[in-house]
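In this text the structure is predicted, and so the values were computed from the model without any measurement. Read the numbers this way: they start at 1 and go in the same order the structure lists the ligands and their atoms.
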Amino acid sequence: MMFDNAAKPQPERSGPGAGLHVAVIMDGNGRWAANRGWPRLVGHRKGGERVRELVEACPRLGIRYLTLYAFSTENWKRSNEEVLGLMSLLSRYIRAEAKRLKREGVRLRFIGDRTRLAPDLQELMGWIEAETDANDLLHLSVAINYGGRDEITRASRALARDVATGKLDPDAMTQDTISRYLDTHFLPDPDLVVRTSGETRVSNFLLWQAAYSEYVFSPVLWPDFTPQVMADILTAFGQRERRFGGVSS
Ligand code: IPE
Ligand code: IPE
Ligand code: MG
């Protein structure tokens, strides 16, 4: 039928987050578990369920790009048990969600330095990226072993290498050149960065990319963060005036 395509629903174009790039620092899993006298990993597991729910809700909320901070370059300081538990949750998430992500139009990619991760996890990450590469409804990026300073350092090394080999002219470099060397080269800058659990710091997340993002610090612990909480944040975000250094119109 000729009009098949035109009749397809376009859920990403409506909802309070229409077309936005929302980045989330998912914080508070440990406190959520501790409040109940449970091990920290129980909080991480519950947090994983919230990820699943939020990803599913994104098309309805209108979010086009969702970037989630799952493991920072500083999180290696935690106990071996917690680090291993987080890594195993990650591979379980990929395995369990692969079919659904593919079917529902989610393109999953990872940012961060993956060279320090276990080879089987790296392989799984590469596999799901390839599997969902043709999808376009929701661009989901998960930050693993990610740190903004580490990303800028790695990008600087690559830049310097390209200058040394004559591939790049230093005088022709612009801000766009730098953006293209970052892990996020395939993403627009985030419109909104949400941090849960009441902490009001950036913790090394998207330092370059969030230069003009709006920030929302929510008191809700990540394991309690429902799609409705996100919907309310997006509605409030819609009321903000983004001036980008200019003046009110
Ligand atoms: C966020 O929750 C998850 C990761 C950083 C991996 P936390 O584990 O930081 O939880 P809190 O901050 O200790 O409550
Ligand atoms: C930030 O949370 C990193 C992630 C959510 C993955 P942390 O809990 O690690 O940050 P700090 O230690 O409170 O700054
Ligand atoms: Mg924390």
Side-chain angles (χ1 to χ4, degrees), residues 21-55 63 65-94 96-97 108-118 121-122 124-125 140-154 182-184 187 190 192-210 213-227 229-230 233:
H21 179 182
V22 178
V24 186
I25 303 173
M26 308 180 289
D27 200 10
N29 296 352
R31 275 164 284 168
W32 183 89
N35 289 346
R36 291 161 177 76
W38 295 338
R40 297 178 58 84
L41 271 171
V42 179
H44 294 315
R45 211 175 304 139
K46 186 73 185 176
E49 289 171 29
R50 292 309 189 194
V51 169
R52 205 165 297 148
E53 268 177 28
L54 180 61
V55 167
I63 295 173
Y65 300 90
L66 179 70
T67 300
L68 301 174
Y69 204 4
F71 193 91
S72 78
T73 47
E74 286 71 38
N75 287 146
W76 297 105
K77 291 176 194 160
R78 299 188 179 198
S79 74
N80 219 19
E81 186 194 4
E82 184 168 353
V83 169
L84 286 175
L86 283 165
M87 294 298 161
S88 108
L89 271 177
L90 221 56
S91 47
R92 241 184 295 160
Y93 176 85
I94 298 173
E97 294 301 293
L108 173 57
R109 275 176 288 190
F110 300 92
I111 58 172
D113 179 5
R114 59 182 86 182
T115 61
R116 205 180 148 184
L117 305 177
L121 179 56
Q122 290 186 45
L124 199 58
M125 288 158 71
L140 172 63
S141 305
V142 178
I144 303 175
N145 191 24
Y146 176 88
R149 286 188 170 188
D150 180 67
E151 176 191 40
I152 292 169
T153 307
R154 286 183 287 106
L182 297 175
D183 296 347
T184 51
L187 288 173
L192 175 65
V193 178
V194 176
R195 181 169 189 151
T196 62
S197 88
E199 304 296 348
T200 48
R201 33 174 192 276
V202 172
S203 299
N204 211 359
F205 192 44
L206 303 177
L207 298 181
W208 169 275
Q209 299 86 341
S213 303
E214 296 288 325
Y215 280 88
V216 168
F217 297 101
S218 163
V220 177
L221 302 175
W222 177 254
D224 291 325
F225 194 91
T226 58
V229 180
M230 180 61 94
I233 287 173

### Message
So that I can tick it off, tell me whether Glu151 and Arg154 are bridged by a salt bridge, with the cut-off set at under 4.0 angstrom between side-chain N and carboxylate O.
### Response
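A salt bridge is absent here (no side-chain N lies under 4.0 Å from a carboxylate O).
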
### Query
Is the shortest side-chain N to carboxylate O distance from Lys46 to Glu49 below 4.0 Å?
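Salt bridge: yes.
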
### Message
Does the plane of the ring in Phe205 sit parallel, tilted or perpendicular to the ring in Tyr69? Use 30° and 60° as the thresholds.
### Response
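Judged by the thresholds at 30° and 60°, the geometry between Phe205 and Tyr69 is parallel.
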
### Query
Under 4.5 Å between any side-chain heavy atoms of Trp222 and Val51, yes or no?
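Side-chain contact under 4.5 Å: yes.
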
#### Entry: Student check: side-chain heavy atoms of Leu221 and Thr196 closer than 4.5 Å
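No - every pair of side-chain heavy atoms lies 4.5 Å or more apart.
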
#### Entry: Contacts of Arg36 that satisfy salt bridge (Lys or Arg N to Asp or Glu O under 4.0 Å) - sequence neighbours left out
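Here no residue qualifies.
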
### Message
Could you check whether Arg116 makes a cation-pi contact with Trp76, meaning its NZ or CZ is under 6.0 Å from the centre of the six-membered ring and within 45° of the ring axis?
### Response
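Yes - Arg116 lies over the ring of Trp76, closer than 6.0 Å to its centre and within 45° of its axis.
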
### Message
With a cutoff of 4.0 Å, is Lys77 in contact with ligand 2, counting heavy atoms of the residue only?
### Response
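Not so, Lys77 does not reach ligand 2.
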
### Task
Return the set of residues passing side chain to side chain donor-acceptor pair (under 3.5 Å) with Asn35 (not counting sequence neighbours), or none when no residue passes.
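Partners of Asn35 by the side chain to side chain donor-acceptor pair (under 3.5 Å) criterion come out as none, since no residue qualifies.
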
### Query
Which heavy atom of Arg40 sits nearest a heavy atom of Gly30, and at what distance?
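Scanning both residues, the minimum pair turns out to be NH1-CA, 3.6 Å.
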
### Contact summary for Leu207 and Arg149, nearest pair of heavy atoms
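Leu207 and Arg149 have their closest heavy atoms at CD1-CG, 3.7 Å.
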
#### Entry: Every N, O or S from the protein that is nearer than 2.8 Å to the Mg ion (ligand 3)
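The answer is Asp27 OD1.
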
### Task
Show the protein residues that qualify under the rule heavy atom under 4.0 Å from an atom of ligand 1, listing them in chain and number order.
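Residues Met26, Asp27, Gly28, Asn29, Gly30, Arg31, Arg40, His44, Ala70, Asn75, Arg78, Glu82, Leu86 each place a heavy atom under 4.0 Å from ligand 1, listed by chain and number.
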
#### Entry: Per-atom contacts, ligand 2 versus Arg201 - under 4.0 Å to a heavy atom
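Listed by number with element: 11 (P), 13 (O), 14 (O).
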
